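Note that the structure is predicted; figures quoted are calculated from it, not measured. Naming convention: chains lettered A, B, ... in sequence-line order (proteins, then strands); numbering from 1 in each chain.
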Amino acid sequence: MIEKNYQPADIEARMSVVWEDSLAFKAGRPDRRDAVPFTIVIPPPNVTGSLHMGHALNNTLQDILCRFERMRGRDVLWQPGTDHAGIATQMVVERQLMERQQPSRREMGREKFLERVWQWKAESGDTIINQLKRLGASCDWSRERFTMDEGLSKAVVKVFVELHRDGLIYKDKRLVNWDTKLLTAISDLEVQQTEVKGHLWYLRYPIEGKTFNPEDPSSFIVVATTRPETMLGDTGVAVHPEDERYLKLVGKNVILPLVGRKIQIVADDYSDPEKGSGAVKITPAHDFNDFEVGNRHGLRRISVIDREGCLDLVDNEDYLRELPEGASQFAEEFHKVDRFAARKRIVERLESFGFVERIEPHTHMVPHGDRSGTVIEPYLTDQWYVDAKTLAKPAIAAVRSGETSFVPKNWEKTYFDWMENIQPWCISRQLWWGHQIPAWYGPDGKVFVAETEEEAISHALGYYVEQEVITAEQGREMALDRNKREGFITRDEDVLDTWFSSALWPFSTLGWPDDTPEVQRYYPTNALVTGFDIIFFWVARMMMMGLHFMKEVPFSTIYIHALVRDEKGAKMSKSKGNVIDPLNLIDEYGADALRFTLAAMAAQGRDIKLATSRVEGYRNFATKLWNASRFAEMNHCAVPDGFEPAKAKETLNRWIAHESAHTTREVTEAIEAYRFNDAAGSIYRFVWNVYCDWYVELAKPVLLGPDGPAKDETRAMVAWARDEILKLLHPFMPFITEELWEVTAQRDGLLALAPWPLKPAEPTPEQLAMLAAAAGPTDPLVSPMLAMPIFDHADFTDPKAEAEIGWVIDLVTQIRSVRAEMNIPPATLTALVLAGASAETRERAPRWTDVIKRMARLSDISFADRAPDGAVQLLVRGEVAALPLKGVIDVAAERTRLDKEIGKADADIKRAESKLANEKFIANAAEEVVEEEREKREAALARKAKLLEALERLKQAT
RNA sequence: GGGCACGUAGCUCAGCGGGAGAGCACUACCUUGACAUGGUAGGGGUCACAGGUUCGAUCCCUGUCGUGCCCA
């Protein structure tokens with residue numbers, strides 16, 4: 001029994017339990033053992049996060065694919081899980097500690113702090129998972145993974161050790177993006193360039209051997225800089241090799257103001273003669289470009305800023321080397337001054353000595369940390385790097401060859417551009433929460449990379465015995481006795497970039513490095529569904545790691561969806577306060593409505609500006625379906641055993657079977673092509689504008705009429721078409737459809753596992769051979785080329801039924817329209833006269849008398865040779881339908897109406913004729929197009945003739 | 001500066017070489033036995049602008065203006 005009102009919250013709560021209890025989403029169900037697998041790995045959300053609109057969209061689309069393929073009979077694995085999100089999570093917990101005025105991370109120490117983070121993960125880790133369940137995500141929840149699980153950690157260590165062994169991971173001292181607030185290195189991708197209004201300072205650097213005089217330009221060279229405080233670390237000045245202004249100065253030295261260091265003027269292309277003064281100061285330890293210039297000219301690197309962004313001068317050997325007397329006093333004065341305060345003070349000091357020529361306002365891009373928001377400091381440290389350039393090569397080739405393809409295709413360009421210019425990937429982070437790097441250091445700092453500490457110590461002992469640092473005897477003792485080797489080697493404190501473990505997600509979640517049945521069966525995965533913002537962070541790295549370790553691409557299709565924005569097109573962000581919480585929408589309108597909205601708006605290549613009114617509209621759509629199902633129930637509609645829609649006798653029933661088959665094809669093809677919006681639009685139209693608006697209405701007289709074969713068949717067909725709707729709609733609106741499926745009939749099983757109305761074809765041997773030869777997409781069932789369906793009922797067509805029902809619809813629509821135009825009240829019934837009707841119409845009409853009378857509010861339908869005098873005359877598919885309204889209608893108004901109609905016909909005739917008169921059109925246009933134009937002309941001419949006749953009759957009547 | 005999108009009804013968006021579409025909003029009428037979270041009918045657009053290609057351009061090309069995003 002269907003409840004009177006559609007209450008999404010009740011249904012959704014109940015269906016979640018039903019699915020969970022029946023293990024509906026479990027991969028590898030026994031009944032699917034022989035089925036072709038279909039795999040998607042979820043983009044793992046941050047374990048401490050909560051569901052935002054982007055997740056809602058992302059997971060809705062994945063769920064549509066998974067539910068669709070599950071219904072098509074495949075063994076679906078939608079692999080769920082969460083990401084430990086190193087920096088983000090550590091920040092959350094640290095903030096908590098601060099708010100609760102508890103000991104800080106450093107005060108409590110690494111071990112205690114990590115315990116604390118795990119505790120927080122245990123408390124909040126279920127939040128997002130439960131939210132995904134509320135959305136209806138049909139993941140195999142029994143397989144949930146976490147990037148810091150034991151198994152996944154094992155994969156991480158293995159990958160690190162192997163890449164290190166192969167020389168693809170290495171340690172290097174170079175400039176990194178340093179976050180002075182979080183006190184860690186971050187990767188290029190985590191840096192956001194932000195436009196900042198700053199200044200360009202023009203500084204005078206005195207030339208060696210000349211007496212500095214601010215009035216004498218030959219006594220100094222002017223350099224322009226945006227960061228005057230880094231001048232303390234300058235080790236050169238660069239000018240362009242072809243810049244004639246400075247040619248004779250190249251090779252000479254300048255004396256660094258305030259510091260007294262002697263530095264060289266070098267010629268380098270990096271200096272842009274158009275910019276600033278054409279001369280730039282070179283600070284290799286604090287600027288990426290300067291670092292390169294320094295390398296080219298063998299300039300020293302002097303770090304003058306510490307990890308917290310303060311000047312670091314006292315006891316700084318690099319800084320103090322070769323400085324004149326008195327330099328240490330200056331160092332003490334500025335030591336530990338914050339970089340921005342130092343900027344001000346140094347400029348003041350320079351000004352007081354006349355070293356500042358001028359200051360210009362200057363807008364430029366300044367790097368900021370995406371998490372901390374603080375200005376990133378290029379900082380010289382030892383970090384671990386991945387040789388991304390080498391790993392990128394196969395990843396580029398795989399997309400070039402089409403083994404993996406992007407949908408929409410234009411993202412491939414973005415992918416190639418980035419991959420072809422890829423930089424070494426800095427993977428070490430000075431954090432505590434994450435995978436600790438499996439590297440140990442011996443007493444002299446030598447690195448031993450190994451999967452376990454035992455392994456590392458054995459390598460180390462072997463090495464140091466060989467090096468005669470320890471004796472063989474000592475080595476043996478230390479190997480045997482844990483206490484004796486205590487502190488001999490120490491583990492690298494750093495952890496890995498979160499994205500390092502995410503990069504392994506498509507195979508680590510399946511149990512790799514163990515050779516599990518899941519790895520065999522579900523790798524490579526079929527589709528990856530994600531937003532463009534993580535193509536670099538995640539997609540590219542999965543491609544690299546997948547190809548390197550599995551020798552196969554991780555997925556054959558990468559579907560890139562849009563960003564969800566607010567109604568005005570602004571990116572949703574907490575700081576702007578324009579965030580729409582998907583859970584609020586679910587509470588208010590139901591998960592089905594939200595899902596349908598997102599799917600309907602997910603047109604390729606376009607951002608989604610979410611308007612709540614759309615969600616409301618689709619909630620109404622769900623209500624409509626609910627009520628239509630109630631109607632079917634009230635009329636005892638049920639599908640009898642062995643019912644075959646294609647064998648229906650009644651035209652109306654054949655028509656809905658025809659329309660249903662058409663919709664099935666449309667929806668199926670659209671989902672296969674990732675055109676979610678088209679699929680949603682197609683099913684929406686079918687449910688509302690075909691099934692509800694016409695089929696059910698046209699069926700009412702039969703259902704309310706006397707019992708008999710026609711009524712039996714109609715009851716069956718109403719229920720059958722409803723079931724087809726439930727199936728087609730299920731991937732989009734799983735809750736309401738599953739509920740209706742359950743309550744409308746005795747079922748063999750869940751709708752989630754019911755067969756899709758249109759089955760994919762098994763590839764033929766020829767197709768398989770073709771596939772092997774082409775070495776193309778590895779997934780025959782989703783490859784468009786091979787998706788030649790075996791139709792069951794979906795190839796059913798009945799043009800005759802379509803024509804007949806089309807006539808009924810046109811007739812009713814036109815009568816309604818003219819009634820409204822003539823202001824005939826709904827309560828007034830009118831008669832209908834079919835004038836000069838064809839044999840076909842005379843045969844058809846009696847079948848629809850009840851329906852037409854009911855829907856067009858008629859008292860009677862009759863035939864006549866010609867329309868009665870003073871009647872309103874309509875042209876329906878070329879024949880006259882007359883409403884004798886003498887006395888009721890305004891004759892003048894009717895004449896105006898007819899004139900307008902004639903005008904339209906004239907316009908059509910004119911358009912068609914001008915085209916047909918054009919020789920070039922006849923010569924060049926396709927034959928069908930020309931023929932179509934002729935038909936249009938004939939139809940319009942006929943229409944006009946009839947209308948003129950009608951007008952004539954009207955005149956006679958008055 | 002380079003790249004990628006996008007300017008279509010009041011709003012949010014589809015469409016895309018052969019007569020402009022949806023939802024919401026709006027107007028009028030309707031509580032008819034699934035549904036007022038509804039029904040019926042209707043108004044509303046030189047498809048940003050200017051050139052070009054074509055028998056034919058909202059659609060393809062070029063340019064201009066405007067908007068957004070990504071990378072330097």
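Comparing B:C30, B:A14, B:G18 against the side chain of A:A925 picks out B:G18 as the nearest. Set against B:C30, B:A34, B:A72, the side chain of A:M365 has B:A72 as its closest nucleotide.
Stem regions for RNA chain B, each three or more consecutive Watson-Crick or G-U pairs with both distances under 3.5 Å and listed by first number, read B:1-7 with B:65-71, B:10-13 with B:21-24, B:26-30 with B:38-42, B:48-52 with B:60-64.
For the C1' atoms, the distance linking B:A22 with B:G44 amounts to 15 Å, nearest Å. A distance of about 12 Å separates the P atoms of B:A5 and B:U62, rounded to the whole Å. Comparing B:U67 with B:U8, their C1' atoms sit 15 Å apart, to the nearest whole Å. Spacing of C1' atoms, B:G43 relative to B:A48, comes out at 24 Å, to the nearest Å. Rounded to the nearest Å, the gap between the P atom of B:A20 and that of B:C24 is 24 Å. Look at the C1' atom in both B:A14 and B:G56: the space between them is 24 Å, to the nearest Å. Remark: the separation of the C1' atoms in B:U58 and B:C6 is 15 Å, to the nearest Å. One P atom belongs to B:U40, the other to B:C49, and the distance between them is 35 Å to the nearest Å.
Comparing A:V191 and A:M634 by the nucleotide of RNA chain B that holds the closest heavy atom to each, the one mapping nearer the 5' end is A:M634. Mapping A:D417 and A:E932 onto RNA chain B via the closest heavy atom, the residue that lands nearer the 5' end is A:D417.
At the heavy-atom level, A:E588 lies nowhere under 4.0 Å from the strands shown. Among the atoms of the strands shown, none is found under 4.0 Å from any heavy atom of A:S629. A:R819 comes within contact range of no nucleotide atom at all, as no heavy-atom separation falls under 4.0 Å. A:Y618 comes within 4.0 angstrom of nothing in the nucleic acid, heavy atoms only. Nucleic acid contact for A:D908: base, since at least one base atom lies under 4.0 Å from a heavy atom of the residue. At the heavy-atom level, A:R630 lies under 4.0 Å from the strands shown only through sugar-phosphate atoms. Across all strands, A:A827 comes closer than 4.0 Å to no nucleic acid atom at all (heavy-atom distances). Within the 4.0 angstrom heavy-atom criterion, no nucleotide atom of any strand lies near A:I2.
Atoms CD (A:E616) and P (B:U12) sit 17 Å apart, rounded to a whole Å. Residue A:R816 contributes atom CZ, which lies 11 Å from atom C1' of B:U32 at whole-angstrom precision.
Annotation: A:W411 is not in aromatic contact with A:F406 [ring centroid separation under 6.0 Å not met]. For A:Y695 and A:F686, the ring centers sit 6.0 Å or farther from each other.
Listed pair A:T623 / B:G38 fails the phosphate criterion, with no side-chain N or O lying under 4.0 Å from OP1 or OP2. Close to B:A34, at under 4.0 Å from its OP1 or OP2, lies no side-chain N or O of A:W688. Applying the 4.0 Å criterion to OP1 and OP2 of B:C55, one finds that A:N924 has a side-chain N or O inside that range. OP1 or OP2 of B:G38 has at least one side-chain nitrogen or oxygen of A:N620 nearer than 4.0 Å. Taking 4.0 angstrom as the limit, A:K700 places a side-chain polar atom (N or O) nearer than this to OP1 or OP2 of B:A34. Between A:K413 and B:C70 there is no side-chain N or O to OP1 or OP2 distance below 4.0 Å.
Inter-residue side-chain proximity for A:L625 and A:Y691 is flagged as unmet; no heavy-atom pair is nearer than 4.5 Å.
For A:K624 and A:Y6, the positive end is not near the middle of the six-membered ring at less than 6.0 Å and at most 45° from its axis.
Checked for salt-bridge contact, A:D908 and A:R911 meet the test: a charged N lies under 4.0 Å from a carboxylate O. Looking at A:E913 and A:K910, no side-chain N of the basic residue comes within less than 4.0 Å of a carboxylate O on the acidic one, giving no salt bridge. Of the charged side-chain nitrogens involved, at least one lies within less than 4.0 Å of a carboxylate oxygen, so that A:R400 and A:E420 count as a salt-bridged pair.
Between the side chain of A:R619 and the base of B:U37, a donor-acceptor pair under 3.5 Å is found.
Ring pair A:F596/A:Y618 is tilted by interplanar angle, where 30° to 60° counts as tilted. Using cut-offs of 30° and 60° on the angle between ring planes, the pair A:F676 and A:Y674 is perpendicular.
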